Amino acid sequence: MSTAKSATAAPPDILRAAALELVVTDLEASRNFYHDVLGLLITFENAEEIHLRAFEEYLHHSLVLRKGPAAAVRRISYRVRSPRDLDAAERYFGELGVRVERRAKGSTRGLGELVHVQDPLGFPLEFFCEAEHVERYTQRYDAFGAATLLRLDHFNILTPDIPAARQYLLDLNFKVSEEIRDELGTTFASWMYRKPSVHDIALTQGDGPRLHHFAFNVQERHEILHICDHLGALRQSERIERGPGRHGVSNAFYLYMRDPDGHRVEVFTANYYTGDPDNPVKIWSVHDNQRRSWWGHSIIPSWYTEASGVLNLDDELQPVATHQGSIELKATVGADGY
Ligand code: 4SX
Ligand code: FE2
């Protein structure tokens, strides 16, 4: 892994997790799930791609669905503060020795100039600053459903070497909010942020690079319960993988679903503020059976083992490296049932 390499250039000023692009095998089935069932708004669509956004998002999209031969993750996008930060990203990742490509405005519909990077962990990152602004739906209550997704909040990635991944993100000026460790100090999972919330990205130990899930906020717990009832009424209960429940880590009330291609999406409420510079880090023991489920429920093994593969910048599936040593699934005693 090339994560040991460090750069002397300043890292880009990353604002937040902003968007992702999924390759899906049946665009109509995905449109049905994300638009008809979960209610995301469609900014643009054609026979090849659909650009969606949530109700408190003012940029062109936070989710792109692209028709393709095999399910995968094509881009993980961060917004940066200024156009100068695109130069910074280009220099920074160039010094890390990974593949970096500058792309002209419009190469991703709705976004300005881009920097695409194959990051040291193997993920296809997209950095953008300028974006097309779209109609504000914050108070379009006439268009709200019984559950209204508000904002894309975070990505959760699987990667084999958590200490290396954690250091790579610390170097990019992400901060840690919460962490799961064992008594020897081994870190199994880290929640890291740029915007003042619990996370923009979480690291989970496992075979990677793979995307574990992406997550949207809703305002109220009952909206999450409604999504479950709605899926039940549609006889699509197989979309529900884990929850509803309360996380120990982050304190969020959550639900995980699997889309028609198996990509995992979380809907959750709420978040807490982490913007003070001395915000304390919350450490959880890997043996605490309430860490991932505050109510102590066991976690279905698929949640630990299954995830989405990612593409490289040539749209080829990235090989997955297996983790060394113990993973949390095996290390856990108690609620997870192992
Ligand atoms: O399962 S965890 O309680 O560790 C957890 C998972 C906490 C916050 C999240 O967003 C998440 O996906
Ligand atoms: Fe999450």
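Just so it is clear, the model here is predicted, and its values are computed rather than measured. All residue numbers in this chain count up from 1 along the given sequence. Ligands are counted one by one from 1 in listed order, and the atoms in each one are counted from 1 as well.
Remark: R140 CZ is packed, more than 12 non-hydrogen atoms of other residues, nucleotides or ligands lying under 6.0 Å away. By the neighbour-count criterion of 12 heavy atoms within 6.0 Å, atom CZ of R221 is sparsely surrounded, having that number or fewer from other residues, nucleotides or ligands. Within a 6.0 Å sphere centred on NZ of K67, heavy atoms belonging to other residues, nucleotides or ligands number 12 at most. Atom CH2 of W294 has 12 or fewer heavy atoms from other residues, nucleotides or ligands within 6.0 Å.
Around the Fe ion (ligand 2), the protein N, O or S atoms found under 2.8 Å comprise H154 NE2, H213 NE2, E266 OE1.
Only the side chain of H213 comes within 4.0 Å of ligand 1, counting heavy atoms alone; its backbone N, CA, C and O stay farther away. At a heavy-atom distance under 4.0 Å, only side-chain atoms of W191, from C-beta outward, approach ligand 1.
Considering both main-chain and side-chain atoms, E266 comes within under 3.5 Å of ligand 1 through a nitrogen or oxygen pair. The shortest N or O to N or O distance between H154 and ligand 1 is under 3.5 Å. Considering backbone and side-chain N/O of R292, one or more are found under 3.5 Å from N/O of ligand 1. Of the N or O atoms in W303, none lie within a sub-3.5 Å distance of an N or O in ligand 1.
Within the listing of ligand 1, atoms 3 (O) sit less than 4.0 angstrom from a heavy atom of R291. Each of the following atoms of ligand 1 lies closer than 4.0 Å to a heavy atom of S250: 7 (C), 8 (C). Atom numbering of ligand 1 starts at 1 in the shown order; those under 4.0 Å from a heavy atom of R242 are 1 (O).
Atom 11 (C) of ligand 1 has its closest protein heavy atom at Y256 OH, 3.0 Å. Closest to atom 7 (C) of ligand 1 among all protein heavy atoms lies V249 O, 3.1 Å. For atom 3 (O) of ligand 1, the closest heavy atom belonging to the protein is H247 ND1, 2.8 Å.
Salt bridge annotation for E57-R151: absent, with no cationic side-chain nitrogen under 4.0 angstrom from a carboxylate oxygen. Here R84 does not pair with D13 in a salt bridge; the nearest charged N to carboxylate O distance is not below 4.0 Å. E130 and K105 are not joined by a salt bridge, as no carboxylate oxygen comes within less than 4.0 angstrom of a charged side-chain nitrogen.
Ring-plane geometry between H230 and H226 is classed as tilted, the angle between the planes lying from 30 to 60 degrees on a 0 to 90 degree scale. The aromatic rings of Y141 and F144 sit tilted relative to each other, their planes meeting at an angle between 30° and 60°.
Each of Y193, Y78, F214, W191 was scored for a ring pair (Phe, Tyr, Trp, His ring centres under 6.0 Å) with F155, with one residue passing: Y78.
With ring centers used as reference points, F127 lies under 6.0 Å from F93.
Within the 4.0 Å heavy-atom shell around ligand 1 one finds H199.
At least one donor-acceptor pair under 3.5 Å links the side chain of D85 to the backbone N or O of S82.
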